[in-house]
J.: 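Here it is: the structure, laid out below.
Atoms within a ligand are numbered from 1 in the order they appear, just like the ligands themselves. No experiment lies behind these values; they were computed from the predicted model shown.
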Amino acid sequence: MTPKRFERSFTQQESVPEAAVAAAVEVLRSGRLHRYNTLGDAPSEAALLEAEYAAYQGSRYCLACASGGYAMQVALRAAGLRRDEPVLTNAFTLAPVPGAIVAAGGRPLLVETTPQLVIDLEDLDAKAAASGARFLLLSNMRGHLVDMDRLMQRVAARNLILIEDCAHTMGAAWRGTKSGSFGLAGCFSTQTYKHLNSGEGGLLTSDDADFMARAIVLSGSYMLYERHGAAPGAETFAEIRLETPNCSGRMDNLRAAVLRPQLTELERNVDRWNERYRVVEGKLRAVDTLRVPVRPPEERYVGSSIQFLIPGIPPSATRDFLAANAALGVELKWFGAAQPVGFTSSHHSWRYMPFQSLPRTDAVLAGLFDMRIPLTFSLEDCAQIGEIVAHCAAALPVRGAA
Ligand SMILES: *Cc1c(COP(=O)(O)O)cnc(C)c1O
């Protein structure tokens, strides 16, 4: 029996809380939208957000900036990346990650992907050794955390400077340590499809005073770095403020005002995402052709999207599978497409860098599907979606592929 068509939108997020609407209106009425346009000593919304996010993350410092991509770019520059230096990163990630490396003057060196959708530690080690790269921009793509204990052993052994892309792991943790707190810096996005929504926006966290002072000046602080909410003391800036270029990418008070009330809801929303994730996951796990990555017990994930693999699916069957789901209202993203659709996560479409052979990643992406789980979906919606995908998978010409 064909399931009922699903009628809701996979790109519809919840409204921002009423408190955020009120705070935004207040900023608009004040006319003081620029983060340094404050009255007397009153902290700006941007500075308050920095203090509150640093407290949430458990980091000493935080910088609010224009986007997640900008946070990564500034992090690489503040960490001392030199022109044309290689930066190790996941081959399976979203386009802003290699884009940030290139914008910062580096060269992306792509590392293979495992069927668990995380960075391949053997390949990381081999490429770190062969290249002598100093930097690893680890992308926790689609919210999957690699075994952070094993990763940190490699990072220490190869003396790598670790920067974490936590666009999909805001709120996630590994054995109780928050994602973004393992290396020199954590980079977060507050773009609409992430875990906080200000349309665009980014947050950069770190415990390193010199690094954060450089990042703050890079972000365009002029000489107003003392008006930040979670910044090192003025003495740290004495030389840095004169040696560091201004590459404007500040966050404004309007966005910060919209984000602050959302931050107080984040933990509750993590639970709401995970309830929904588990309903879809349960339906998908019941189908023997589908492989849903196993979440390790050490990982506290945020199920704002779900991924599954159909190993060995032929491209023609993929098209039918996508079309059958779409006909029943389920929007799946397939990562194996030859041409990028919607957004790009295939290294084949990043032709501004030399081609890198990544057969293991290509094999994973060829059978990889992805679905957003917005909080506007009810648990019943999630069950219905899971049933639709399971129904469409039952018609596939692959059976329990190894
Ligand atoms: C969204 C995203 C980013 C940053 O995105 P911005 O749009 O620049 O805020 C970084 N990495 C990944 C994996 C992402 O999905």
Side-chain angles (χ1 to χ4, degrees), residues 10-11 13 46 49 53 62-77 87-104 106 108 110-111 113 116-119 135-146 162-172 179-180 183 185-205 215 218-219 247-252 255-256 258-259 262 273 293 301-307 333 335 340-347 349-350 361 364-365 368 370-374:
F10 284 75
T11 55
Q13 305 294 6
L49 173 67
Y53 197 76
C62 176
L63 168 68
C65 59
S67 71
Y70 184 85
M72 292 187 281
Q73 210 185 114
V74 154
L76 288 165
R77 294 198 66 169
V87 178
L88 295 154
T89 195
N90 305 54
F92 174 47
T93 184
L94 195 70
V97 178
I101 295 171
V102 170
L110 305 176
V111 181
T113 313
Q116 296 300 313
L117 309 181
V118 296
I119 197 162
F135 294 94
L136 167 60
L137 178 53
L138 176 72
S139 184
N140 301 308
M141 179 64 172
R142 290 334 244 156
H144 296 272
L145 289 176
V146 66
L162 172 65
I163 295 168
E164 294 172 80
D165 165 22
C166 306
H168 303 159
T169 54
M170 177 185 276
S179 180
C187 304
F188 302 84
S189 170
T190 64
Q191 195 230 83
T192 293
Y193 300 110
K194 313 301 163 95
H195 300 167
L196 299 177
N197 176 11
S198 59
E200 303 284 358
L203 294 160
L204 175 64
T205 58
L218 280 165
S219 79
C247 305
S248 290
R250 294 169 298 268
M251 182 181 282
D252 56 85
R255 285 174 204 187
V258 168
L259 289 170
Q262 293 180 52
W273 264 306
Y301 59 88
V302 184
S304 53
S305 68
I306 190 164
Q307 294 69 45
K333 166 84 182 171
F335 286 102
V341 184
F343 55 89
T344 71
S345 288
S346 166
H347 66 100
S349 35
W350 305 334
T361 298
V364 169
L365 297 189
L368 178 60
D370 174 280
M371 195 164 63
R372 289 191 172 116
I373 309 180

J.: With sequence neighbours excluded, tell me which residues meet ring pair (Phe, Tyr, Trp, His ring centres under 6.0 Å) with Tyr301.
T.: Tyr277
J.: Going by side-chain contact (heavy atoms from CB on, under 4.5 Å), name the residues that satisfy it together with Pro374, two or more places apart in sequence or in a different chain.
T.: Gln13, Arg372, Thr376, Phe377
J.: If you look at each N/O of ligand 1, which protein N/O atoms lie under 3.5 Å away, and at what distance?
T.:
| unit_1 | atom_1 | unit_2 | atom_2 | d |
| --- | --- | --- | --- | --- |
| ligand 1 | 7 (O) | Gln191 | NE2 | 2.9 |
| ligand 1 | 8 (O) | Gly69 | N | 2.7 |
| ligand 1 | 9 (O) | Gly68 | N | 2.8 |
| ligand 1 | 9 (O) | Ser189 | OG | 2.7 |
| ligand 1 | 11 (N) | Asp165 | OD1 | 3.2 |
| ligand 1 | 11 (N) | Asp165 | OD2 | 2.8 |
| ligand 1 | 15 (O) | His168 | NE2 | 2.6 |
| ligand 1 | 15 (O) | Lys194 | NZ | 3.0 |

J.: Under the rule for ring pair (Phe, Tyr, Trp, His ring centres under 6.0 Å), what residues qualify as partners of His195, not counting sequence neighbours?
T.: Trp273
J.: Of the non-hydrogen atoms in Ser198 and Val258, which two are nearest, and what is the gap between them?
T.: CA-CG1, 4.5 Å
J.: Would you check if the side chain of Gln307 reaches a backbone N or O of Leu368 as a donor-acceptor pair within less than 3.5 Å?
T.: no
J.: Check Asn90, Leu138, Thr93 against Asp165 for a side-chain contact (heavy atoms from CB on, under 4.5 Å) and give me the one that passes.
T.: Thr93
